[in-house]
Amino acid sequence: MVSEPILQINHLTAGYNDAESPVLKDLNFTINQGDFLSIVGENGVGKTTLMRTILRQLKPLKGNVDYFPSAHAVNIGYVPQFRNIDSEYPLSIRDFVGLNLTGFKLPWLSRSERKRVNDMLVHTGLQDLANRPMGQASGGEKQKAYLAQALVEEPDLLILDESTASLDPVSKNELLNLVEEINQKLQVTVIFVTHDIALAKKYASKFLLLAPGTYVSGNIDELTNDKVWGMMESHV
Amino acid sequence: MFNFEFMQNAYLAATVIAILCGIIGVFVIARNMSFLTHTLSEIGFAGASFGVFMSWPPLNGMLLFTTVSSIIVGQLSVKPARRENVISAISALFIGLGILFLSLSNKNASYATNILFGSVIGISRADVWQISLLSIVVLAVIFVIFRYLKFDSFDPVGAQVKGVNKQILSIVFLILLAFSVSVAAQIVGSLLIFILLTIPAAVAKYFARTVGGMMLLAVIIALIGVWLGLYLSYVTNLPVSFFIATIEALFYFGALLTQGSQKSV
Ligand SMILES: Nc1ncnc2c1ncn2[C@@H]1O[C@H](COP(=O)(O)OP(=O)(O)OP(=O)(O)O)[C@@H](O)[C@H]1O
Ligand SMILES: [Mg+2]
């Protein structure tokens, strides 16, 4: 099977209007349907900026991002790097996951929507905790709930922005096993932003390594520690 | 007590207002808008005295002032850190204006206390209809935008990712809040509206786990406050807003206490 692209990044220059210089320059890159892509790079190199550009929260300064078959047809689920859920946050995990089912519809969820929420809770192993307030969930449980919330809308592309950063090694693997299963069974394309090279190598099929002013991409087995350190050091 | 038409009217109006405030309040609390609600009630005072000055019904003046100012506040995309100061300045300005209009209108001081503290006797059957109609409009809009409002209020980061139009949503909500403030002021007065708009929902947040549950609980707490408050006011001849404020405050402190003991277990 020849893989079809889902996203094509053409001569993309991205960043913030008020910044003196763009964060990313002349980036060219294709993501195919079903890819599990890992994006690595040091703090501040522009990973989140790239994700926000893909999500159309930021306009490209130059170049463009093409979506296939069309921009409207690609449903993107995003688990952002930061979220403000404090310990007094009242909603149950179940209600939190259901928030993503929007539209000008009846306030309460339909039977089929409730089933979708439930399926995702089962999928992410949260069914026993479904009625616990989000504020009382552990860091790992929260991450799973964020994932379930993003998945409940059945995205074609799932973006995880350092979703594993605060997790212990066991929970990290647990979460990524889940993502791997979703990638393989549901054919959801995954972009996984991380600092953990070992984790990227274990789960991803491709990589994009960002460094200030430059980047490399390829199949995951070409991603070596030497390469990462080489790229970073050449800019120190 | 229900033999008197003014008590019937007061109970009807209070019931509608409690339902409205309980529901809107859940979003006020989730969106951290208690402070702004307080300011809107002061703006409502200015609007009501402007109404009196113009020889309009006070409610119309309130609706005008609170709606216009909530649109202005919605447009001020100032940084959150500076927002409270800006709002304080706006509210100072409006209290000043309220006092000015009242003194220009040559109405006696009891008119001012009615606006500030609400009044039970002053509510006619026509007022009840107007209050109900406005409340139905507000609740109907909430019904239509419910899922977006809920997402944006309870998970702003997630809603932004989803591309929910925050700007439009927050202006629509501010206008709904302005309407609610004006309506609620009819019974508790502009000084104490924020009590019905914030405390029942704040208490409900401690005990409910779903948005629907929070609304139900907030409505119940608001209803207990106004029903009991009206009764006590009737029996003792003391101001109804005093009783409502006291009952709601007791709910809040009670919730804090039970919450505190739960956490230490
Ligand atoms: N809203 C903003 N306005 C202006 N500049 C910004 C904004 N957000 C981020 N930046 C800048 O853009 C650059 C890239 O930031 P970005 O968040 O994309 O980095 P990152 O690779 O995700 O880093 P990290 O690994 O720490 O998450 C940084 O220099 C940052 O200071
Ligand atoms: Mg980042």
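Residue numbering restarts at 1 for every chain, and letters A, B, ... go by the order of the sequence lines. Note that the structure is predicted; figures quoted are calculated from it, not measured.
- Other residues, nucleotides and ligands contribute more than 12 heavy atoms inside 6.0 Å of the NZ atom of A/Lys105.
- Only the backbone of B/Ala208 has a heavy atom closer than 4.5 Å to any heavy atom of chain A.
- The two residues A/Asn131 and B/Arg209 make their nearest non-hydrogen contact at O-CD, 3.5 Å.
- Proximity of the aromatic rings of A/Phe104 and B/Tyr148 is defined here by a centroid distance below 6.0 angstrom, and this criterion is met.
- Taking both residues in full, the closest heavy atoms of A/Tyr89 and B/Asp155 are given as OH-N, 4.5 Å, listed atom of the first, atom of the second, then distance.
- When heavy atoms are compared at a cutoff of 4.5 Å, A/Pro80 approaches chain B solely by way of its side chain, counted from C-beta outward.
- Taking every heavy atom of both residues into account, B/Arg147 and A/Leu109 meet most closely at NH2-CA, 3.6 Å.
- Per-residue heavy-atom pair counts under 4.5 Å with chain B were compared for A/Val79, A/Ile159, A/Leu101, and the maximum is reached by A/Leu101.
- Proximity to chain B is limited to the backbone of A/Phe82, based on heavy atoms less than 4.5 angstrom apart.
- Counting heavy-atom pairs under 4.5 Å between each of A/Gly98, A/Gly77, A/Gly103 and chain B puts A/Gly103 at the top.
- A 4.5 Å side-chain heavy-atom check between A/Pro90 and B/Met214 finds at least one atom pair inside the cut-off.
- The two residues B/Val211 and A/Leu91 come nearest to each other via the heavy atoms CG2-CD2, 3.6 Å.
- In terms of non-hydrogen atom pairs under 4.5 Å with chain B, the most contact-rich of A/Arg52, A/Glu113, A/Arg132, A/Met134 is A/Glu113.
- Note on A/Asn84, A/Ile85, A/Asn75: by heavy-atom pairs under 4.5 Å with chain B, the leading option is A/Asn84.
- Taking CZ of B/Phe154 as the start and CG of A/Leu99 as the end, the distance is 8.0 Å to the nearest 0.5 Å.
- Not a single donor-acceptor pair under 3.5 Å links the side chain of B/Tyr206 to the backbone N or O of A/Glu88.
- Contact tally against chain B (heavy-atom pairs below 4.5 Å) for A/Leu55, A/Leu106, A/Ile93: the top residue is A/Leu106.
- For A/Lys115, the NZ atom sits in a loose shell: 12 or fewer heavy atoms of surrounding residues, nucleotides or ligands are nearer than 6.0 Å.
- Here the OG1 atom belonging to A/Thr102 is positioned 13.0 Å from the CZ atom belonging to B/Phe146, to the nearest 0.5 angstrom.
- Other residues, nucleotides and ligands contribute more than 12 heavy atoms inside 6.0 Å of the CG atom of B/Leu228.
- Checked by atom type and distance alone, the side chain of A/Arg83 never pairs as donor or acceptor with a backbone atom of B/Val157 at under 3.5 Å.
- Within the 4.5 Å cutoff, side-chain heavy atoms of B/Lys150 are placed close to those of A/Asp95.
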